[in-house]
Student: 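Have a look at the structure that comes next, please.
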Number of protein chains: 2
Amino acid sequence: MARTQGSHSDITGPRVREAALTLFARHGYAAVSMRQIAGEVGVQAGALYNYTPDKQSLLFDLMKGHMDELLAAWATQPKTSNPLAALEQFTRFHIRFHSKRPEAVFISYMELRNLSPGNFTVVEKLRRTYEDALADILRAGVANGAFNVPEPKVAAMAVIAMLTGVNTWYREAGRLSLSEVEEIYWAMVRKSVTA
Amino acid sequence: MARTQGSHSDITGPRVREAALTLFARHGYAAVSMRQIAGEVGVQAGALYNYTPDKQSLLFDLMKGHMDELLAAWATQPKTSNPLAALEQFTRFHIRFHSKRPEAVFISYMELRNLSPGNFTVVEKLRRTYEDALADILRAGVANGAFNVPEPKVAAMAVIAMLTGVNTWYREAGRLSLSEVEEIYWAMVRKSVTA
DNA sequence: GATTGATTTGAACGCCTGTTCAGTTAAATC
DNA sequence: GATTTAACTGAACAGGCGTTCAAATCAATC
């Protein structure tokens, strides 16, 4: 036997995904060519096909990977039966998690239409799972009188849109720290749904 | 003299813009070819160049046109000195205006990175003007004690993100009417910023 | 009905696309 | 140092890209 499986592939594989992440986020999936990705990695275009069956899979893997990570991270958060505390936890978690992965977040929101129908269904289901986690918190708060929202699913969509919007303007080098942003948004979220 | 200026151009010109709007919104700017747009209009690709100098201008005109219309429509809204009333007006105006132009809204949020640097600057400035209109309302409310927001510009970004998010899920054929959606969002916006 | 010129066609331009694959390179094992 | 094979190259494939332009078309004017 000669070289054991993947001596360079351990390095090149992740680099392909990183380059795709960066370039897709910057220019958009359709505007980025396989040759551009290869160039960023320092390899010829043909070599990419050792690491992905095609360009579409590259996009899908990034998006599904992001949603899987999001749901996994949310699952590790300690659960509380107090809806107001749960909402605060969700708010802070969402802002912190998303602020650390701006490219993946950007891609996951912008490139949905470039997924093949089958891949879209998968990603959309994961997204709905996340939305429903928030909707459930709101429903629990309505049940115990802490919240006053006539349509928990709609309110969940509103809150998530508001929170994800942070990524459109927040910069680490900016005037406000992420903690300050967290406080501002948590105050708004709390007031928007409380009775 | 023969045919006066534009006997078909009166018809074809708008149809080119409509086709570009629909296709850019559905598939994204980079994924749509001039031949596709021409096909939708029922013409050969070369004919498009009677109506636009190039593909980039087609995108820019759609985005600038949308922002101009938005600001013009907002300018016709009756002004009030009461910040709470002004905020309600902004909220309902935003939801109604954006719900009527889902394709243009979609393009204006998704295709910013496909604008040339010069065109981006123009569109970005118009967008900032709109954001500042809301920030000014919030500042006035802070000044007279109606609102409690530590960072009016941040709060404006949060509110706009929340309101624009309606377009991601609202469908005319859905369970909720636009009036109902308006009420739900107005209640959330009002509570999120009031003292 | 001839004239005029705006409108459109259809072919061509050079270049880029995603993907494939025979052949080369080079690192790990014996 | 020979062998093995994963990793990569570089050329090729068929097709599409944005854009240009001479020639054809056709409706309005005279």
Side-chain angles (χ1 to χ4, degrees), chain A residues 1-21 23-24 26-63 107 111 113-119, chain B residues 1-21 23-24 26-63 107 111 113-119:
Chain A
M1 206 212 312
R3 190 194 312 205
T4 54
Q5 193 195 21
S7 65
H8 276 192
S9 74
D10 301 352
I11 302 170
T12 309
R15 288 194 63 201
V16 169
R17 281 185 285 277
E18 278 165 36
L21 182 75
L23 290 171
F24 287 168
R26 186 139 52 210
H27 307 294
Y29 173 77
V32 172
S33 71
M34 294 300 269
R35 284 172 180 82
Q36 272 177 274
I37 297 170
E40 189 82 4
V41 176
V43 100
Q44 294 299 314
L48 298 181
Y49 291 84
N50 291 321
Y51 307 100
T52 181
D54 49 32
K55 192 186 177 191
Q56 169 70 202
S57 300
L58 215 40
L59 177 63
F60 175 65
D61 289 347
L62 288 175
M63 293 181 69
I107 291 172
E111 303 295 357
R113 63 184 162 189
N114 284 312
L115 288 174
S116 69
N119 288 343
Chain B
M1 205 215 306
R3 191 193 311 206
T4 57
Q5 194 196 17
S7 64
H8 277 192
S9 73
D10 301 353
I11 301 170
T12 310
R15 289 194 61 200
V16 169
R17 282 186 285 277
E18 277 165 37
L21 182 75
L23 290 172
F24 288 168
R26 185 140 52 208
H27 307 293
Y29 173 77
V32 172
S33 71
M34 295 298 269
R35 285 172 180 83
Q36 272 178 273
I37 297 170
E40 189 82 4
V41 175
V43 101
Q44 294 299 313
L48 298 181
Y49 291 84
N50 290 320
Y51 307 100
T52 183
D54 48 32
K55 192 187 176 189
Q56 168 70 202
S57 300
L58 214 41
L59 177 63
F60 175 64
D61 289 348
L62 288 176
M63 293 181 70
I107 290 172
E111 304 294 355
R113 64 185 161 187
N114 285 311
L115 288 174
S116 69
N119 288 343

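Order of the sequence lines sets the chain letters (A, B, ...), proteins ahead of strands, with each chain counted from 1.
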Student: Write down the atom of A:I107, the atom of A:L21, and the distance for their closest heavy-atom approach.
Tutor: CD1-O, 3.4 Å
Student: Between P on D:dC26 and CG on B:N50, what's the gap in Å once rounded to a whole number?
Tutor: 16 Å
Student: Using only modelled atom types and a 3.5 angstrom limit, is any donor from either the side chain of A:R35 or the base of C:dG18 paired with an acceptor on the other?
Tutor: yes
Student: Which of these nucleotides, C:dG18, D:dC8, D:dG18, is closest to any side-chain atom of A:S33?
Tutor: C:dG18
Student: Once you round it to whole Å, what is the distance between P of D:dG16 and CD1 of B:I37?
Tutor: 17 Å
Student: Does B:Y51 put a side-chain nitrogen or oxygen below 4.0 Å from OP1 or OP2 of C:dT8?
Tutor: yes
Student: Expressed as a whole number of angstroms, how long is the span from A:N114:CG to C:dG18:P?
Tutor: 12 Å
Student: Would you mind reading off the distance between A:L59 atom CG and C:dG18 atom P, rounded to a whole angstrom?
Tutor: 13 Å
Student: A:D54 has a side chain; which of C:dT19, C:dT8, D:dC8 sits nearest to it?
Tutor: C:dT19
Student: Nearest nucleotide by nearest heavy atom, which residue falls closer to the 5' end of DNA chain C, A:A30 or B:V43?
Tutor: B:V43
Student: Under 4.0 angstrom, heavy atoms only, what part of the nucleic acid is B:V32 near: base, sugar-phosphate, or nothing?
Tutor: sugar-phosphate
Student: Could you report the tightest heavy-atom contact between A:Y49 and A:D54, atom names first, then the distance?
Tutor: CE2-CA, 4.0 Å
Student: Roughly how many Å is it from OH in A:Y49 to C1' in C:dG18, rounded to a whole number?
Tutor: 4 Å
Student: Answer whether the closest heavy-atom distance between the side chains of B:L115 and B:Q56 falls below 4.5 Å.
Tutor: yes
Student: How long is the line joining CG of A:L48 and P of D:dG10, in whole Å?
Tutor: 14 Å
Student: Run the salt-bridge test on A:E111 and A:K55 with the 4.0 Å N-O cut-off and return the result as yes or no.
Tutor: no
Student: Below the 4.0 Å mark, does C:dT7 have OP1 or OP2 next to a side-chain nitrogen or oxygen of B:T12?
Tutor: no
Student: Could you check how far OH of A:Y29 sits from P of C:dT17, rounded to whole Å?
Tutor: 13 Å
Student: Within the side chain of B:Y29, is there an N or O that forms a donor-acceptor pair under 3.5 Å with the backbone of B:R113?
Tutor: no
Student: Quick one: which of C:dG18, C:dT17, D:dG18 gets closest to the side chain of B:M34?
Tutor: D:dG18
Student: Mind calculating the distance between CD (B:Q44) and P (D:dT20) to the nearest angstrom?
Tutor: 17 Å
